[in-house]
Protein chains: 2
Amino acid sequence: MILYNSPTSPFGRFVRVVALELGVKHEEKRIEVTSAEFLDELNPLRLIPTLELDDGRAVYDSRVIAAHVDSISGRPTLYPPSAGVDLHVRLALAIGVMEAGVQRRGEVTRPEPLRNLEYIAKLEQRIGRAIARLEMLAPVIAAGDLRIDQIATAVALEYTDFRYTRDWRAKAPFLAGWLARFAERPSFVETRPS
Amino acid sequence: MILYNSPTSPFGRFVRVVALELGVKHEEKRIEVTSAEFLDELNPLRLIPTLELDDGRAVYDSRVIAAHVDSISGRPTLYPPSAGVDLHVRLALAIGVMEAGVQRRGEVTRPEPLRNLEYIAKLEQRIGRAIARLEMLAPVIAAGDLRIDQIATAVALEYTDFRYTRDWRAKAPFLAGWLARFAERPSFVETRPS
């Protein structure tokens, strides 16, 4: 199967890491999504990541791809049912950090006259609050075998580093220490944007 | 339990309809989310919908709430496993229409000098392509018992009507006919934004 991706999308990195961790073979094709008209046939939203299955069907968005890859891997699931709804909320929290980061990036790269500084401030406050919560949750996130919330949290934090700031570490020392170790995983080293 | 919501969010309406259809009792509190500092304790992203469970735990975002409400309802699931990954892709497609609609609304309501007309055009094209795909999928969507993709599709289309245009019906007659019947459900009548 083929994973259509971009070099820097945190959502694309999230599903790549999941596939690598679970040993699910795929070909990654990095595309310029804004001009990728061919993608419309697979995903009319023209968004990456989009996964094309061997039978030609398409799977999106990132959460659906991650869950699908998990379901076909034959490995222990990254979504242990015993973790309950809280696991899915932690995943949504990490994805919320990615979304706010992507929205912030979109805003700061607008032509200056179109830039909304209030909106940028609001997104930065959202990211700050969410990382403060992740710090509170860090003992839960760090515990146990590899899970989907760990992967999403690490991707969200490294995307924050990449596009916004590394300064969150001062207020989130537990999370920072956990990330330093977790991000040494080969799946993270292989997919880190440069 | 308490569902924090806004009067017009399609994501909030989506989970309200799910809860009403499944008979899951809840209190809806409509809030002005941009100034709802109290919400941060439950959901540091400060986004609605956010569900507060009776034990004080919070559940978000809309997809997580919908799946959780489904899991506790005691009714037949809205996510029949036999529908496979395609069901989740159709759900993601409908949610993509909601997201593009909300992004478009955010852009068109910016102060005029900050408005990006290219971005608005891109979002309108995305919505148009997605609705064309939903028209192709309409026989699949319309078939069978009540499912999550039906609810999300109907909410997405009525949000398109509410904030953007009703003109999609000319190119999507099957979908338009289905929506006219489907949206007569009491759960849709009760939650329709005015």
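Just so it is clear: chains get the letters A, B, ... in the order the sequence lines come, proteins before strands, and each one is counted from 1. Just so you know, these numbers come straight off a predicted model, no measurement behind them.
- Checked options A:I65, A:V59, A:D61; the residue passing with B:V89 is A:V59 (criterion: side-chain contact (heavy atoms from CB on, under 4.5 Å)).
- Proximity to chain B at a heavy-atom threshold of 4.5 Å picks out A:R129, A:A130, A:R133 from residues 128-137 of chain A, in numerical order.
- Within residues 15-44 of chain A, the residues that have a heavy atom under 4.5 Å from a heavy atom of chain B are A:T34, A:D40, A:E41, A:L42, A:P44, listed by number.
- Atom CD1 of residue A:I95 and atom CZ of residue B:R63 lie 7.5 Å apart, to the nearest 0.5 angstrom.
- Neither the backbone nor the side chain of A:L91 comes within contact range of chain B, judged by heavy atoms closer than 4.5 Å.
- B:R57 and A:D86 make their closest contact through NH1-OD1, 3.0 Å (heavy atoms, listed as atom of the first residue, atom of the second, distance).
- Sorted by first and then second residue, the salt bridge (Lys or Arg N to Asp or Glu O under 4.0 Å) pairs involving residues 147-156 of chain A (not counting sequence neighbours) are A:R90-A:D149, A:R147-A:D149.
- Heavy atoms closer than 4.5 Å to chain B are found in the side chain of A:E107, but not in its backbone.
- In this structure, B:V85 and A:V64 approach most closely via the heavy-atom pair CG2-CG1, 4.0 Å.
- No continuous path of ILVMFWY side-chain contacts below 4.5 Å connects B:L123 to B:F11, so the two sit in separate hydrophobic clusters.
- Counting heavy-atom pairs closer than 4.5 Å to chain B, the top-ranked of the candidates A:K122, A:H68, A:R115 is A:H68.
- Listed by chain and number, the residues in a side chain to side chain donor-acceptor pair (under 3.5 Å) with A:N116 amount to none (sequence neighbours excluded).
- For A:A67, no part lies under 4.5 angstrom from a heavy atom of chain B.
- Listed here is the closest heavy atom pair of A:R46 and B:R126: O-NH2, 4.1 Å.
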